[in-house]
Enquirer: 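Take a look at the following structure, please.
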Amino acid sequence: RIVKVNRDNSGDRYFSGFDASSQKVFADEALNKSLIEKDLKSLERLFLETKYLVTGTIVLSSLISTESIHFLLSLANKNNVKIVIDLNWREVFWDNSTFSSEISKKERFNLIKNFLNFAHILKLAKEEAILFFENENPLEISQRMLNLPDVIITDGANPISWFINGVQGTTEVINSSKII
């Protein structure tokens, strides 16, 4: 799909919808477990050489891709592959999905929060940390989750806060001329 991105008066971006002439299905919604299983042996060999599986949460807005990503995460866990999740909350994506447009915001949040428990490393924007955890402290967020993941919280040009390998800190954004 072609995503429409606008800016408010302060210059912050927001996702306002989709181009009407574009497809009605996201590529993420085409992630299909039955197609993955057709070449399972190749995937299992690939996982033997893989250190990290990186995903977001938009795949959860489709029932088919939800089943598929859970299948991939279980294979990753079986092969000791670390799971990195970038929450990447974009409500407009959920509002425009056939499956998720029919579930409440609370159900969406619960689905996402349960999914985040797979993470070994969790990346959040500050707004997402506050929205989903009512907290912006990476240590406290980690302690609320099953895997006690490393947590990284970005905030535009502001310092990055993090909890990694049992150590908490902040890091200034390097060369933070105007971030767009």
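If you read the sequence from its start, that first residue is 1, and numbering goes on from there.
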Enquirer: Is a donor from one side chain sitting under 3.5 angstrom from an acceptor on the other, for Trp162 and Thr171?
Expert: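 Note: Trp162 and Thr171 side chains meet the donor-acceptor criterion.
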Enquirer: Any non-hydrogen side-chain atom of Leu40 less than 4.5 Å from a side-chain atom of Phe71?
Expert: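 The answer is yes; the side chains approach within 4.5 Å.
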Enquirer: A side-chain contact here means heavy atoms from C-beta on lying under 4.5 Å apart; do Leu116 and Met145 qualify?
Expert: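 Side-chain contact under 4.5 Å: yes.
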Enquirer: Taking atom types as modelled, is there a side-chain donor on Asn137 or Gln168 under 3.5 Å from an acceptor on the other?
Expert: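 Result is yes, a qualifying pair exists.
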Enquirer: Assess the residue pair Thr154 and Lys126 against the criterion (side chain to side chain contact (heavy atoms under 4.5 Å, CB included)); give the C-alpha distance rounded to whole Å, side-chain angles, the decisive distance to 0.1 Å, and a yes or no.
Expert: CA-CA 6 Å; Thr154 60; Lys126 181 180 176 181; over 6 Å; no
Enquirer: Who are the side chain to side chain contact (heavy atoms under 4.5 Å, CB included) partners of Val81, not counting sequence neighbours?
Expert: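 In terms of side chain to side chain contact (heavy atoms under 4.5 Å, CB included), with neighbours along the sequence ignored, Val81 is linked to Phe47, Thr50, Leu53, Ala76, Asn79.
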Enquirer: Given side chains that start at C-beta, do those of Asn32 and Glu67 come closer than 4.5 Å, heavy atoms only?
Expert: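 Side-chain contact under 4.5 Å: no.
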Enquirer: Measure the shortest side-chain to side-chain distance between Arg144 and Ile141 over non-hydrogen atoms and say whether it is less than 4.5 angstrom.
Expert: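 Side chain of Arg144 against side chain of Ile141, heavy atoms only: no contact under 4.5 Å found.
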Enquirer: More than 12 non-hydrogen atoms from neighbouring residues, nucleotides or ligands closer than 6.0 Å to CZ on Phe109, yes or no?
Expert: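 Check passes, neighbour count above 12.
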Enquirer: Is there a donor-acceptor contact under 3.5 Å linking the side chains of Arg108 and Asn110?
Expert: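 Note: Arg108 and Asn110 side chains miss the donor-acceptor criterion.
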Enquirer: Using only heavy-atom distances, determine whether the side chains of Ser74 and Asn77 contain a donor-acceptor pair under 3.5 Å.
Expert: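 No - no donor-acceptor pair under 3.5 Å links their side chains.
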Enquirer: So, Ser34 versus Glu37: side-chain donor-acceptor pair below 3.5 Å or not?
Expert: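 No - no donor-acceptor pair under 3.5 Å links their side chains.
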